[in-house]
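Presented below is the structure to which this report refers.
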Amino acid sequence: MKSRRNFLKITALSTAAVISNPIIASENKGIENKPNSNKITKPIVVSTWNHGIAANEASWKILSKGGTALDAVEAGVRVTESDASNMSVGLGGLPDRDGIVTLDACIMDENNKCGAVAFLQDIENPISVARKVMEDTPHVMLAGEGARQFAFEKGFKKTNLLTENAKKVWEEWKKKSKYQPIINSENHDTIGQLALDENGNLSGACTTSGMAYKIHGRVGDSPIIGAGLFVDNEVGAACATGMGEAVIRIAGSAIVVELMRNGKTPHEACKEAVDRVVKKHADLTNLQVGFLALNKNGEVGGYSVYAGFNYAVHTRSQNELIDAKYDKKQ
Ligand code: ASP
């Protein structure tokens with residue numbers, strides 16, 4: 001995980017606003033963003049991993065002008081999807097074991113409206129297709145060729161998502177791997193983003209190229225409402241990253257939101273969901289999962305099975321990366 005983390009860090013930290021902002025707190029172990037007194041911290045946007053810094057900056061342009069959380073999260077994660085140097089989301093994402101890039105994404109708003117696409121090929125911004133599914137169809141999820149055709153009908157253009165770099169990495173993998181997909185902590189880094197806007201409304205987005213070198217057709221947690229993402233405007237929002245199979249098994253993001261409904265802070269809720277992942281899996285080898293949560297008061301928390309998960313937080317006074325607390329060192 002370390003090499004990819006570093007690579008992503010360099011990518012994310014190249015944004016001017018971060019360089020000019022002195023409050024990057026990478027050694028800041030999972031500090032919760034607690035509002036002073038009873039004040040609600042809004043607007044606020046939070047994202048998984050280092051690439052969340054650039055995504056949050058795009059979202060902030062919308063939120064700081066009174067825009068909606070829904071518009072903010074769509075615009076935010078589109079930045080990551082279109083970044084060809086990022087090898088875990090959208091364009092430039094690592095392919096499946098057959099060398100085909102397949103994308104998963106979902107979006108959810110303050111009215112429990114949601115849209116998702118799974119196993120989508122040839123489209124650079126699956127999150128915007130997911131939003132179209134939400135707004136222009138009676139359905140929640142479209143998959144595979146149907147999702148692709150729907151995207152073309154909506155005017156999305158065909159894009160070759162396999163960059164030369166990703167192709168080279170995949171070809172190297174093929175030499176050593178004997179075509180055996182191995183799920184491990186090296187090959188995933190979904191962006192999940194959650195926002196609370198000036199009007200106090202929550203939305204979230206989640207988008208990924210999924211587990212690298214997966215079996216063709218595999219879909220993870222990221223496009224599944226309740227697993228990779230969940231929003232309840234009365235309570236809060238949560239998203240997940242890491243081994244999607246483990247997140248699906250415990251209905252991860254829905255659980256985090258329910259735990260907040262029952263009085264847990266975002267940090268406590270994420271920790272309890274991680275505890276559940278740990279309890280339900282006899283073999284935790286390489287089983288990294290991280291949760292990120294934001295409640296109605298603008299409080300934030302994150303927690304992961306193993307060290308290494310971080311998240312980006314942007315408010316009026318804060319623009320920083322925070323290392324999540326974790327269950328195990330390695
Ligand atoms: N959760 C994603 C999946 O299983 C992987 C990731 O977090 O990057 O597809």
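One-based numbering, in listed order, for ligands and for the atoms of each.
- Listed by number with element, the atoms of ligand 1 under 4.0 angstrom from any heavy atom of M211 are 4 (O), 9 (O).
- Of the polar atoms of D104, none of the N or O atoms is found under 3.5 Å from an N or O of ligand 1, judged by distance alone.
- A donor and an acceptor atom, one from each side chain of T208 and T190, are located under 3.5 Å apart.
- Using cut-offs of 30° and 60° for the angle between ring planes, the Y213 and W173 rings count as parallel.
- In the hydrophobic clustering (ILVMFWY side chains linked at under 4.5 Å, chained through shared members), F119 is joined by V219.
- Remark: N56 pairs with S47, Q193 by the side-chain hydrogen bond (donor to acceptor under 3.5 Å, both in side chains) rule, at least two apart or across chains.
- When the options V89, D189, T208, D221 are ranked by their closest heavy atom to atom 3 (C) of ligand 1, first place goes to D221.
- Heavy-atom contacts of T241 reach the following atoms of ligand 1: 6 (C), 7 (O) (cutoff under 4.0 Å).
- Contacts of Q288 with ligand 1, taken as heavy-atom pairs under 4.0 Å, are absent altogether.
- Under a 4.0 Å N-O distance rule, the pair E172/K168 does not qualify as a salt bridge.
- Of the N or O atoms in G244, one or more lie within a sub-3.5 Å distance of an N or O in ligand 1.
- Between E245 and ligand 1, a contact under 3.5 Å exists for no N or O pair.
- The shortest distance between side-chain heavy atoms of L229 and L194 falls below 4.5 Å.
- Those atoms of ligand 1 with a heavy atom of S222 less than 4.0 angstrom away are 1 (N), 2 (C).
- In this structure, G242 has a heavy atom closer than 4.0 Å to ligand 1.
- Under a 4.0 Å criterion applied to the non-hydrogen atoms of G210, ligand 1 contributes the atoms 9 (O).
- The aromatic rings of F309 and W49 lie perpendicular to each other, with more than 60° between the two planes, well past the 30° mark.
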